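Notes follow the structure.
Just so it is clear: chains get the letters A, B, ... in the order the sequence lines come, proteins before strands, and each one is counted from 1. Predicted, not measured: the structure shown is a model, and the values here were computed from it.
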2 protein chains.
Amino acid sequence: MKIEDVIKSTVPMENSKKIILNVMYTQNILAEKFNEILKPYDISGEQYNVLRILRGQKGNPANMCVIQERMLAKTSNTTRLVDKLLLKEFVTREVCPENRRKIEVTITQKGLDVLKELDPKVTEHEIAFSKNLTDDEIVVLNQLLEKYRNQ
Amino acid sequence: MKIEDVIKSTVPMENSKKIILNVMYTQNILAEKFNEILKPYDISGEQYNVLRILRGQKGNPANMCVIQERMLAKTSNTTRLVDKLLLKEFVTREVCPENRRKIEVTITQKGLDVLKELDPKVTEHEIAFSKNLTDDEIVVLNQLLEKYRNQ
DNA sequence: GTTAATTTTTTGTTAAAACAATTCTAAGAA
DNA sequence: TTCTTAGAATTGTTTTAACAAAAAATTAAC
């Protein structure tokens, strides 16, 4: 559906405005579908994101700063996200012995297990959308988005 | 900045995953900048959205259903958004005489004034991003996003 | 004409986002 | 040493999002 139909606009719209609405709306659709996948596992998108970052550490712990700077949404409150993951026993949290200001967060086996169970569903989700485009179009879309958002 | 640098990923990533991250991250950037514009006026992005929809009615009131279906985020709670706008006297709310289940929401002059004051700043924001792309690229980006999100 | 079903909106509740303020630790300067 | 500054994480508070449940009015069925 074209973005004008989504917001039921009758008057023509500048392309510069259209892009913004298109990005916003597309993100909404993506996030909605993704939340459906996560829902049975009772974790939020942000929590999933933290788990992914921790798995990417390959056994090494990550402190709060590191997690924060790798998140897409830079405003999220990492402490609280880790709190939630701790309750579910998906991560452990320890004070860093070298620098006691820092906290070492590590993903547990239980956390790895839930990620592993999610992996195929997440991949399926990603592919489901991208199959609307050709390989070339996918590359172009990535390039244009990267170019567009530079400020 | 390329999305791999944003999330500080060292391993290569599927393009299908890259698109999702790119859309998510771009939306984040856009929303962040937009919120900066709105902040001095003490309205949220969603509230702004409702005001825009009401102005688009050109004097006619809109009921809750109509507002809801024109919003980008279909899950937002229109009643509460209108509550907030009422407190700021940007809208009025009346029971529809033909069908007393319905509520007629109308933008006030004060609401129109704040939109008018915002208009140039919003346009500037839209153009600031789109000037990173050529006219052709803008058109292509819009087309690709519309094609991509179809499920 | 009364009951049931549907539409439209509101309310309630819990979780999450946003942002400021605070605590605790480390490092460096006087 | 003691004081100050900076770094890292937590806590507190206020909004907002998400979703379920309830309320009110209308329409349809019997």
Parallel, tilted or perpendicular for A:Tyr148 and B:Phe129, by the 30°/60° rule?
-> tilted
Readout for nucleotides 18-29 of chain C: B = base within 4.0 Å of protein heavy atom, S = sugar-phosphate only, - = neither; 5' to 3' it is BB-----BS---
Validation row, ring centre B:Tyr41 to ring centre B:Tyr48 under 6.0 Å | no
Should A:Gln47 be listed as having a side-chain N or O under 4.0 Å from OP1 or OP2 of C:dA15?
-> no
Less than 4.0 Å between a side-chain N and a carboxylate O, is that true for B:Asp42 and B:Lys84?
-> no
For B:Ile103 and C:dT11, what is the distance between atoms CD1 and C1' respectively, to the nearest whole Å?
-> 14 Å
Do other residues, nucleotides or ligands put more than 12 heavy atoms under 6.0 Å from A:Lys2 NZ?
-> no
A:Thr75 and B:Glu32, any side-chain heavy atoms less than 4.5 Å apart | yes
A:Leu72 atom CG is separated from C:dA17 atom C1', nearest whole Å, by 15 Å
Would you kindly give the CG-to-C1' distance between B:Asn28 and C:dA17, to the nearest whole Å?
-> 12 Å
What is the distance, rounded to the nearest whole Å, between atom CG of B:Asp83 and atom C1' of C:dT10?
-> 9 Å
Polar side chain donor-acceptor pair, B:Thr78 to B:Gln68, under 3.5 angstrom = yes
Is the count of non-hydrogen atoms from other residues, nucleotides or ligands lying under 6.0 Å from B:Asp135 atom CG greater than 12?
-> no
d(CD1, B:Ile67; P, C:dT8) in whole Å = 14 Å
On DNA chain D, which is the earliest and which the latest nucleotide, 5' to 3', with an atom closer than 4.0 Å to a heavy atom of chain B?
-> D:dT16 to D:dT26
Within a strict 4.5 Å, meaning less than it, do heavy atoms of the A:Leu112 and A:Phe90 side chains meet?
-> no
Side-chain N,O (A:Lys84) to OP1/OP2 (C:dA15) below 4.0 Å | no
